[in-house]
2 protein chains.
Amino acid sequence: MPQSKLVKVKAQPRRSILSDETYLMIRAMIFAHEIVPGDRVNIDALAVQLGVSQTPIREALARLESEDLIAKEALKGYRATNLLTVTEFADLFSFRLLIEPYAAEQAAILIDSKGIKELQSEISNAKEAINFNDERLIEAITEHDARFHALIAKYSNNKTLASAFTNTHCHLHLFRLYVASQKHLIEPSDKTSFIQDLFSRYYQSDRGQLAIKQHTAIAKAICAHNPEKAKAEMYSHIESSLKRFTPDLHKVQTDRKTS
Amino acid sequence: MPQSKLVKVKAQPRRSILSDETYLMIRAMIFAHEIVPGDRVNIDALAVQLGVSQTPIREALARLESEDLIAKEALKGYRATNLLTVTEFADLFSFRLLIEPYAAEQAAILIDSKGIKELQSEISNAKEAINFNDERLIEAITEHDARFHALIAKYSNNKTLASAFTNTHCHLHLFRLYVASQKHLIEPSDKTSFIQDLFSRYYQSDRGQLAIKQHTAIAKAICAHNPEKAKAEMYSHIESSLKRFTPDLHKVQTDRKTS
DNA sequence: AAATACTATTTCGTATAGTATTTTGCCAAA
DNA sequence: TTTGGCAAAATACTATACGAAATAGTATTT
């Protein structure tokens, strides 16, 4: 058994890096609405709650700050940033319309067999998820959507693009998770907030089937190495998604011009 | 003198936030090549050098990490990230070609009189800088270029775009500063590294006059509220800048496809 | 009612100590 | 000389405690 010497302690579980784990945990708390937008984030309290010292918390918050998920006010402390405003939401989609069709185009050129498998498997999973009940459906579709678009950004093979995508998309993701969490507020009341309005428009109608259909078309074009088609499909997908969210976008854009 | 009461202690100098200042100082050290790409960054040493404790250093490094100017390896410490590779450089320009023409277009629509003044003054400054001697010229033009493009990103009024621009552009800026710092290596030697080759191609020929000429055209279109022209001028400006850097770009792109 | 003073809380930074891990340098064996 | 391994030094990571300074809230005085 000469191997025992070579292998040695290689298998010992890596010591966890608290500042990294803390970062992920705080991030998860934000996405899970345990930390609500606008909340103040107290370092001491967080340290106690997570059972670590202040040092890892500080590093985690510094990172979250440069992702704009946490804002720091000098001498006043940290607080969770607010949700996207209507304008910011529209801006984010304008940005997506710039970079994601290009990403799809490049992915169609550069994707390899491993990537094709990964993409197809993501589509399959999504199609299964359609059969979920309402409770899990919306969350499943939201998560699938995030993974799908991230995959394409990754296979564009452009790190600058992929990193810009990641940095901006987390806000959209958070926004969607928040919209979804407001589901129970829809039925009983007739007051229609921006959020609730969005919810009914986006999820009530087709339960996300349209999005998955469009994803399928995009994936098909990419896997067939058809850049033009992939680009066009991605463009109309994002456009359609934006239209569903805000059919009155033209009004928003007009507002911006006059502001 | 009722004013004296109203003004009061408003002017008292804000206590400096060490973690912010430390962040800026380390960042400046990177841009000044006091911290060279690939260098290990020792927290203790930095704390002693800057005369602060570890806490602000850690927060600063965490922020720099998410900008990708500093990379963290678990349990091994931080190190300054390497310069852009040829591929990353090409990717960055592809990305710029996606977002900056759009930014110029939107700026032409949305810019106000204050913005027009700011843009025009930046152009004036640049034209003065052309008369600098070689020593200061390159740095002046590099800094002007960064400010000019940042201004347009700002006046696109799209925060998502502006933030993506900021995050990606610092790498280009660092790259250019590094290229410029290699100037003295050009003349005497005949060995032609990638960097030195770039330098001669980009700066020796016209001392940046072409870039400023193009900037002037872009600014003119924006200030005249001509979106189409602004967009087109910005596109060809970036394209021309890319071509000057890498006339053999097609080769790079071919390489990517086969990788 | 407004200005002021006082108190409590919180942030920000320092200092220090201890543990885990990596790196380095040395020594022995091939 | 080279290789491999082990011990020592260096470094990263975390915890803890403390203090100064600013903010926020409350009470007091004018």
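Quick note on labels: first sequence line is chain A, next is B, and so on, each numbered from 1.
- Closest to the side chain of A:Ser53, out of C:dT14, D:dA15, D:dT23, is D:dA15.
- Of the listed nucleotides (C:dT11, D:dA15, D:dC13), D:dA15 has the atom at the smallest distance from the side chain of A:Val52.
- Ring geometry, B:Tyr178 versus B:His33: the interplanar angle exceeds 60°, so the pair is classed perpendicular (tilted spans 30 to 60°).
- Nearest nucleotide to the side chain of A:Ser19, out of D:dT14, C:dC12, C:dT14: D:dT14.
- Atom-to-atom, CZ of A:Arg79 to P of C:dT10 comes out at 13 Å; the value is rounded to the nearest Å.
- For B:Arg58, counting side-chain heavy atoms from C-beta on, the closest listed nucleotide (D:dA15, C:dG13, D:dA12) is D:dA12.
- Under a 3.5 Å cut-off, the side chain of A:Arg79 and the backbone N or O of A:Gly38 do form a donor-acceptor pair.
- Between B:Gln54 and B:Arg40, the residue anchored nearer the 5' end of DNA chain C, judged by the nucleotide with its closest heavy atom, is B:Gln54.
- Taking the six-membered ring for Trp and thresholds of 30 and 60 degrees, B:Phe165 and B:His149 have nearly parallel ring planes, at less than 30 degrees apart.
- Separating the CD1 atom of A:Ile17 from the P atom of C:dA20 is a distance of 13 Å, rounded to the nearest angstrom.
- A salt bridge between A:Arg147 and A:Glu122 is present, with a side-chain N of the basic residue lying under 4.0 Å from a carboxylate O of the acidic one.
- In this structure, CD1 of A:Ile43 is placed 16 Å from P of D:dT16, rounded to the nearest angstrom.
- If you check C:dT10, D:dT14, D:dA24 against the side chain of A:Lys76, the one that comes closest is D:dA24.
- Straight-line distance from the CG atom of B:Leu46 to the P atom of C:dT14: 13 Å, rounded to whole Å.
- As a whole-Å value, the separation of B:Glu21 CD from C:dT14 P is 11 Å.
- Between the OH atom of B:Tyr78 and the C1' atom of D:dT11 there is a distance of 13 Å, rounded to whole Å.
- Atom CG in A:Leu50 sits about 13 Å away from atom P in D:dT14, given to the nearest Å.
- At the heavy-atom level, A:Glu73 lies under 4.0 Å from the strands shown only through sugar-phosphate atoms.
- Here D:dT11 presents its C1' atom at 14 Å from CG of B:Leu61, a figure rounded to the nearest Å.
- Of the nucleotides present, C:dA2 is the one that pairs with D:dT29 by Watson-Crick or G-U wobble criteria, both distances under 3.5 Å.
- A donor-acceptor contact shorter than 3.5 Å is absent between the side chain of B:Asp39 and the backbone of B:Ala80.
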